[in-house]
Colleague: 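Quick one: structure below, then a few questions.
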Protein chains: 2
Amino acid sequence: MIAPALEALDILRTRTLASLAGEAIERLIVDGELKAGEHLNELALAARLGISRGPIREAIRGLERGGLVVTVVNQGSFVRKISAGEAHELYEVRIALTGYACAHLAQHATTDQIKILRDLIKRMSAAQAARDAADYYTGNLEFHARLMDFGGNRRAVRICDELGQELNLFRRRSLVSPEGMKASNAEHADIVRAIAAGDVARAREAGEAHIRRGMDRFEASTPRPETDAAHKNGDRTAKG
Amino acid sequence: MIAPALEALDILRTRTLASLAGEAIERLIVDGELKAGEHLNELALAARLGISRGPIREAIRGLERGGLVVTVVNQGSFVRKISAGEAHELYEVRIALTGYACAHLAQHATTDQIKILRDLIKRMSAAQAARDAADYYTGNLEFHARLMDFGGNRRAVRICDELGQELNLFRRRSLVSPEGMKASNAEHADIVRAIAAGDVARAREAGEAHIRRGMDRFEASTPRPETDAAHKNGDRTAKG
DNA sequence: TATACAAATATTGCAGACAATCTACATTTG
DNA sequence: CAAATGTAGATTGTCTGCAATATTTGTATA
């Protein structure tokens, strides 16, 4: 065990304040402490993290490119506000990638990989029975990451991760009902069955359908875009 | 016409030095002036652009998140070196997205959209006949952008753009032979025919195959990874 | 000659300071 | 009373400076 002060110095040798600040701000956004459309005060953030504005600004540029934040010259940066249309687009990209990964897996999956997927399904099933939404949530995340990863494509995993993060800007960690969990997990089972059977077309179809149903559920549960168009930050929806 | 000085001021009011620097550095990379693995000297870049290091550093953070640059603490940033495996992954994501877009178009394309695609094919055909590689190149870029865009998904367009940029890190603007152009454009025609016929499966297949063949051509033309493993920046291939 | 070590140089990471701009509020003017 | 104007405070965009780290150069030693 190293003394905290030394440990802190060690962190500084291997990490940069900008990267640490980036993660911190990202957490603030994902956790909802910084709400969509809200202004990012550089000085306040710097004070809060006990550093100067330089690293904060660098971190914000990263978040900007990542789509979490939108910047207006001489006005600063704002947590990005995602429109329903943009959310739909994000979902569609996920549909395409998931479908492709499933098709790919139907041809190339090993028995070990299939076992891992089946174990995850069991775990989610248990979480659903126990009404443990949090456990189901993480299981679900891992299942989808594995799905993409087993396609052997870490880049696709990363893209899906980022898309998911952006989506969370909109749906604020959608809570799933027990029935929803059950239906969703049944779809997972469909996917894995098709993969195990080596049925390419059916695997793709099942993968696409799963994300699409998630999208439908989400859009059905989303109130029509509020018509307070005069809201101050009403147009902070897209970047550049 | 505004006096240059005033125009410069106008630019500063609407743009940030960091964003301008980001574009400038991006050009340096894409144009090959900064080669893969090369070190980005902040002071030198700042001097070259006539600004201070602050905006340069901010710009680099953006490029980092965009995958064009890799940063090592206390060593600085380097133009990302892409491995053959990573290039393959990038291609696969493009395959998935293009295939999906084509399938989508087969169901929803309007006659206007199909006409635009056909016109682009004619234009590329003319460029190929004239051996005008540059014109073919831009036509090809637009064709693929349209393909994605007509899926109605601007986000997918952006992702494909970014993937293409990263790929260019590897393939340094692959030059296409006249025969290559001809074959490639024939594939374009296949895609559009399937879309016009409303044949979803065939459209997807044609779209995927087109990118896949591009990938195959590319990988066939790529010399096996050089075995100068002792090269100084030999491991600057991935980030984080 | 090759290797190990040490000084010198170069470069990064960060902080603080300043000017330009924006925002909010009070004041004036029609 | 509404609109325009002016002022004070807050915030951003940029620059300069300094300490910490990395890299290079030079030197001595086996």
Side-chain angles (χ1 to χ4, degrees), chain A residues 5-25 34 37-64 69-79 230-236 239-240, chain B residues 5-25 34 37-64 69-79 230-236 239-240:
Chain A
L6 285 182
E7 195 176 355
L9 286 181
D10 267 350
I11 290 178
L12 267 190
R13 275 198 209 92
T14 48
R15 305 281 322 258
T16 279
L17 283 189
S19 75
L20 294 172
E23 290 175 12
I25 300 174
L34 285 170
E38 195 164 336
H39 182 234
L40 272 65
N41 187 316
E42 297 175 0
L43 215 53
L45 287 171
R48 174 163 183 167
L49 300 179
I51 61 182
S52 75
R53 280 174 55 218
I56 297 284
R57 286 180 64 85
E58 292 183 23
I60 289 180
R61 294 288 91 74
L63 298 178
E64 188 179 357
V69 146
V70 180
T71 298
V72 180
V73 184
N74 284 327
Q75 253 179 308
S77 301
F78 304 81
V79 179
H231 186 279
K232 181 158 181 277
N233 293 326
D235 57 348
R236 304 247 192 280
K239 71 190 261 185
Chain B
L6 286 182
E7 194 177 356
L9 285 181
D10 267 349
I11 289 179
L12 267 189
R13 272 198 214 82
T14 48
R15 306 283 321 257
T16 277
L17 284 189
S19 74
L20 294 172
E23 291 173 11
I25 299 174
L34 285 170
E38 196 165 337
H39 182 233
L40 272 66
N41 187 317
E42 296 175 1
L43 214 54
L45 287 171
R48 174 165 184 164
L49 300 179
I51 62 182
S52 76
R53 281 173 54 218
I56 298 284
R57 286 179 64 85
E58 291 183 21
I60 289 180
R61 291 304 152 261
L63 298 180
E64 188 179 357
V69 146
V70 179
T71 298
V72 180
V73 185
N74 285 328
Q75 279 189 7
S77 302
F78 304 81
V79 179
H231 186 279
K232 184 153 179 281
N233 293 327
D235 56 347
R236 304 249 192 280
K239 69 189 264 186

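Just so it is clear: chains get the letters A, B, ... in the order the sequence lines come, proteins before strands, and each one is counted from 1.
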Colleague: For the atom pair CD (B:Glu58) and OG1 (A:Thr71), what is the distance rounded to the nearest 0.5 Å?
Modeller: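 Rounded to the nearest 0.5 Å, the CD-OG1 separation comes out at 9.5 Å.
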Colleague: Within less than 4.0 Å of OP1 or OP2 of C:dT12, is there a side-chain N or O belonging to B:His39?
Modeller: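 True: B:His39 side-chain N/O within range (under 4.0 Å) of C:dT12 OP1/OP2.
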Colleague: Atom CZ of B:Phe78 and atom C1' of C:dT11: how far apart are they, to the nearest Å?
Modeller: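 Distance check: B:Phe78 CZ to C:dT11 C1' gives 11 Å.
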Colleague: Any idea which of C:dA15, D:dT14, C:dG13 is nearest the B:Thr16 side chain?
Modeller: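 That would be D:dT14.
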Colleague: Could you tell me the separation between the CG atom of B:Leu49 and the CD1 atom of B:Ile56, rounded to the nearest 0.5 Å?
Modeller: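 It comes to 5.0 Å.
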Colleague: Nearest 0.5 Å, please: how far is CG in B:Leu40 from CD1 in B:Ile25?
Modeller: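 Between atom CD1 of B:Ile25 and atom CG of B:Leu40 there are 6.0 Å.
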Colleague: Once you round it to whole Å, what is the distance between P of D:dT14 and CD1 of A:Ile56?
Modeller: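 Between P of D:dT14 and CD1 of A:Ile56: 17 Å.
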Colleague: Can you tell me which nucleotide in C:dG13, D:dT12, C:dT11 comes closest to the side chain of A:Glu42?
Modeller: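 Closest nucleotide among those given: D:dT12.
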Colleague: Just how far, in rounded Å, is P of C:dT11 from CG of B:Leu45?
Modeller: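 After rounding, the reported distance stands at 11 Å.
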Colleague: Considering just the side-chain nitrogens and oxygens of B:Gln75, establish if one lies under 4.0 Å of OP1 or OP2 belonging to D:dT23.
Modeller: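 Checking B:Gln75 against D:dT23: at least one side-chain N or O falls below 4.0 Å of OP1 or OP2.
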Colleague: To the nearest angstrom, how far is A:Asn74 atom CG from C:dA19 atom P?
Modeller: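 After rounding, the reported distance stands at 17 Å.
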Colleague: Mind calculating the distance between CG (B:Leu17) and P (D:dC15) to the nearest angstrom?
Modeller: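 From B:Leu17 CG to D:dC15 P: 6 Å.
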Colleague: What is the distance, rounded to the nearest whole Å, between atom CG of A:Asn41 and atom P of C:dT23?
Modeller: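 Interatomic distance, CG of A:Asn41 to P of C:dT23: 14 Å.
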Colleague: Under 4.0 Å, counting only non-hydrogen atoms across every strand here, what does B:Leu40 touch: a base, just sugar-phosphate, or nothing?
Modeller: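 Touches sugar-phosphate only.
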Colleague: I'd like to check A:Arg53 versus A:Leu43 (side-chain heavy atoms, cut-off strictly below 4.5 Å). Are they in contact?
Modeller: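 They are in contact (side-chain heavy atoms under 4.5 Å apart), so the answer is yes.
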Colleague: Once you round it to whole Å, what is the distance between C1' of D:dG13 and CG of B:Leu20?
Modeller: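 Result: 12 Å.
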Colleague: Decide, yes or no, whether a salt bridge links A:Arg61 with A:Glu64 under the criterion of side-chain N to carboxylate O below 4.0 Å.
Modeller: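 So A:Arg61 pairs with A:Glu64 through a salt bridge.
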Colleague: Determine: side-chain N/O of B:Arg53 to OP1/OP2 of D:dC15, distance under 4.0 Å, yes or no.
Modeller: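 For D:dC15, neither OP1 nor OP2 has a side-chain N or O of B:Arg53 closer than 4.0 Å.
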Colleague: Return the value, rounded to whole Å, for the distance between atom CZ of A:Arg61 and atom P of D:dT12.
Modeller: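 The answer, rounded to whole Å, is 10 Å.
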